[in-house]
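All values reported here derive from a predicted model rather than from experimental measurement. Here is the naming used below: chain letters follow the sequence lines, and residue numbers restart at 1 for every chain. Quick note: numbers below take in every heavy atom, side chains included, and nothing from hydrogens, waters or symmetry partners.
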Number of protein chains: 2
Amino acid sequence: MPPYDPSTFPPFAVTVDLVVLTVRRHALCALVVRRGETPFQGRWALPGGFVRADEDLGAAAARELVEETGLCAQDPAAPAVGNGAHLEQLATYGDPARDPRMRVVSVAHLALAPDLPAPRAGGDANSARWAPVEDLLPEGGYAPDGEHRAPLAFDHAKILADGVERARSKIEYSSLATAFCPPAFTVGELRRVYEAVWGVVLDPRNFHRKVTGTPGFLVPTGGTTTRQGGRPAQLFRSGTATVLNPPMLRPEV
Amino acid sequence: MPPYDPSTFPPFAVTVDLVVLTVRRHALCALVVRRGETPFQGRWALPGGFVRADEDLGAAAARELVEETGLCAQDPAAPAVGNGAHLEQLATYGDPARDPRMRVVSVAHLALAPDLPAPRAGGDANSARWAPVEDLLPEGGYAPDGEHRAPLAFDHAKILADGVERARSKIEYSSLATAFCPPAFTVGELRRVYEAVWGVVLDPRNFHRKVTGTPGFLVPTGGTTTRQGGRPAQLFRSGTATVLNPPMLRPEV
DNA sequence: ATAATAGTGTCTGTTAGACACTATGCT
DNA sequence: AGCATAGTGTCTAACAGACACTATTAT
């Protein structure tokens, strides 16, 4: 190991990239923005940007999240406010060749948000949209005929895949699925989140018994709603129990 | 969002820090090295170093692991060779104040190794040792009397705590605990790994039934050993099943 | 013999999964 | 009425946890 010499470190650029997931129309969707410059001009990419000189990594991710979506990163300690979103660090990507212009290390973050009206397409950001992750990440890679290449720039397909996998596994044993729901939601709405994220169909009755039988997981608000049709359903908010034990079992695929 | 201008990015130093864990004498231990320079001169720290200009993050972590321990990072695809260790990315730490000299972003990695003879104390590295994580991370923080401060430099106590928590939770649902074992091991040895990592006592009979009843988890080598005393025990090696479903349940603490 | 560990068998309480059935709204 | 969704009850197979018991070595 060479002696520690702060004056001779190789310089890196450090960025944050965001995997922002939501559930729209029964599908897991990710926020993507169209690139206006080379490389990958015109291609879709994950939102992100440089970390500022005196900014923590999480603060940079929260700032980008506000700039791109208007969402506030939700402090886990604070009670649920209007448009708060779950934000956590995902992983760091630093292949020397991942950006052709220079050495960039990107600290990817994962954000989970309830269904939003529409991405902020205007302003200085390029056009943005919610895209089903199924369209961005075709199963088993891409056909070798070159017709459908990965639509995402840089290594963002890998980052997105890692983020989706993190979300899929984390809702098994935590109350994180409620981050996809509005502040008050029904058991059926929460079940449809699981179904969309996992791509499965769950038994409504067993699901109901499981989530309502876990102490501290769901707290009834007292209200009801018929926004899903059918019999009025109780409204709940996320409880204090942040870990789900025993976990929700993901059915075999 | 400012326009993308590669020529004006703030410069960062990027390092890798290693949380190297092993099980020694029924205790979960971490590798620490004594710092020879300021800041934190004389204090213990996690091993680590700068990422080189054309080096991937995982490669830098593997290089540091070899330099500090002689362990080879185990490619998950390759069959188990002599002294391979599990290596995975843990998390990235980039608080602007975490290093008083300059802006350093550290990509921490987690390595799990079988019990080794001794750390390589000689060479250009400072003195190194295996320390029980219990000594490095006293429960519930440190007494406010200032007598026992965190013995680790920088934010390494936080990094170590995150690594230990990752290891503790990951052995629940994966075959990762075998990374703490030699290539061939007994069921009892594997159980003692769980007991050391979790700090609990497990029922030997239920544990045996659980791990031998999970298809693909353990593969008998045919040999036996009496190195633990008592009746000769079958030797196993890690099987192809990398995920444990249903998971091993960590008893309440 | 005694002690140590390895390994198998049995019982019980809990739970996941399957599914019948009732409740309550809307069109 | 018919249909949608909400919510409860029941049955069964699987499994975790507790623990009795046997097997095989070393001292």
Side-chain angles (χ1 to χ4, degrees), chain A residues 25-26 171-173 181-182 184-196 198 200-215 217-237 241 243-253, chain B residues 25-26 171-173 181-182 184-196 198 200-215 217-237 241 243-253:
Chain A
R25 280 169 286 132
H26 268 227
I171 65 174
E172 287 186 34
Y173 56 89
C181 294
F185 53 89
T186 70
V187 172
E189 289 165 349
L190 182 62
R191 175 172 49 82
R192 278 178 276 274
V193 164
Y194 276 90
E195 292 178 334
W198 284 345
V200 298
V201 173
L202 300 175
D203 185 293
R205 300 154 295 187
N206 292 335
F207 183 88
H208 191 283
R209 175 161 47 85
K210 172 84 180 177
V211 296
T212 58
T214 302
F217 185 45
L218 295 183
V219 178
T221 67
T224 62
T225 183
T226 60
R227 63 190 175 210
Q228 298 290 339
R231 169 176 166 179
Q234 280 188 77
L235 284 169
F236 295 87
R237 57 181 174 79
V243 68
L244 206 50
N245 197 332
M248 184 83 54
L249 292 184
R250 176 162 22 166
E252 303 293 321
V253 187
Chain B
R25 280 170 285 130
H26 269 229
I171 65 174
E172 287 186 33
Y173 56 89
C181 295
F185 53 89
T186 71
V187 172
E189 289 165 350
L190 183 62
R191 174 172 50 81
R192 279 178 276 274
V193 165
Y194 276 91
E195 291 178 335
W198 284 345
V200 298
V201 173
L202 300 175
D203 186 292
R205 301 154 295 189
N206 292 335
F207 183 88
H208 191 282
R209 176 160 46 84
K210 171 84 180 176
V211 296
T212 58
T214 301
F217 186 45
L218 296 183
V219 178
T221 66
T224 62
T225 183
T226 59
R227 63 191 175 209
Q228 298 291 340
R231 169 175 166 180
Q234 281 188 77
L235 284 169
F236 296 87
R237 55 181 177 80
V243 68
L244 206 49
N245 198 329
M248 184 84 55
L249 292 185
R250 175 162 23 167
E252 303 292 321
V253 186

How many angstroms lie between atom [atom1] of [X] and atom [atom2] of [Y], to the nearest 0.5 angstrom?
X        : Y        : atom1 : atom2 : result
A/Phe217 : A/Thr212 : CZ    : OG1   : 10.5 Å
A/Leu202 : A/Arg191 : CG    : CZ    : 7.5 Å
B/Leu249 : A/Asn245 : CG    : CG    : 7.0 Å
B/Leu235 : B/Thr225 : CG    : OG1   : 5.5 Å

Among residues 201-211 of chain A, which ones have heavy-atom contacts with DNA chain C below 4.0 Å?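 By residue number: A/Asp203, A/Arg205, A/Asn206, A/Arg209, A/Lys210.
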
For this output row, return yes or no: ring centroids of B/Phe185 and B/Phe236 closer than 6.0 angstrom.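 When the ring centroids of B/Phe185 and B/Phe236 are compared, they turn out to be at least 6.0 Å apart.
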
Would A/Tyr194 and A/Met248 count as a side chain to side chain contact (heavy atoms under 4.5 Å, CB included) here? Give the steps. CA-CA 10 Å; A/Tyr194 276 90; A/Met248 184 83 54; 3.9 Å; yes

Output the rounded distance in Å from [atom1] ([X]) to [atom2] ([N]).
X        : N      : atom1 : atom2 : answer
A/Gln228 : C/dA23 : CD    : P     : 23 Å
A/Arg231 : D/dA6  : CZ    : P     : 10 Å
A/Leu249 : D/dC15 : CG    : P     : 11 Å
B/Leu190 : C/dA6  : CG    : C1'   : 14 Å
A/Met248 : C/dA16 : CE    : P     : 9 Å
A/Glu195 : D/dT5  : CD    : C1'   : 13 Å
B/Phe185 : C/dT5  : CZ    : C1'   : 17 Å
A/Glu189 : D/dG7  : CD    : C1'   : 15 Å

Just N and O in the side chain of A/Arg191: are any of them under 4.0 Å from OP1 or OP2 of D/dG7?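 It does not, given that no N or O in the side chain of A/Arg191 lies less than 4.0 Å from OP1 or OP2 of D/dG7.
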
Presence of B/Arg250 side-chain N/O under 4.0 Å of D/dG17 phosphate oxygens OP1/OP2: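 Indeed not, no polar side-chain atom of B/Arg250 lies that close.
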
Nearest-nucleotide 5' precedence on DNA chain D, A/Thr212 against A/Gly230: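 Going by which nucleotide is closer to the 5' end, it is A/Gly230.
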
Picking from C/dG7, D/dT25, D/dA16, which would you name as closest to the side chain of B/Pro246?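 Looking only at side-chain atoms, B/Pro246 lies closest to D/dA16.
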
Proximal nucleotide (of C/dG25, C/dG7, D/dA6) relative to the B/Val187 side chain: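 Looking only at side-chain atoms, B/Val187 lies closest to C/dG7.
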
Within the structure shown, what part of the strands sits under 4.0 Å from A/Arg227 by heavy-atom distance: base, sugar-phosphate, or nothing?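 No contact at all - A/Arg227 keeps every heavy atom at 4.0 Å or more from the nucleic acid.
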
For B/Pro232, does its backbone N or O pair with a side-chain atom of B/Thr226 as donor and acceptor, under 3.5 Å?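 No, B/Thr226 side chain to B/Pro232 backbone: no donor-acceptor pair under 3.5 Å.
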
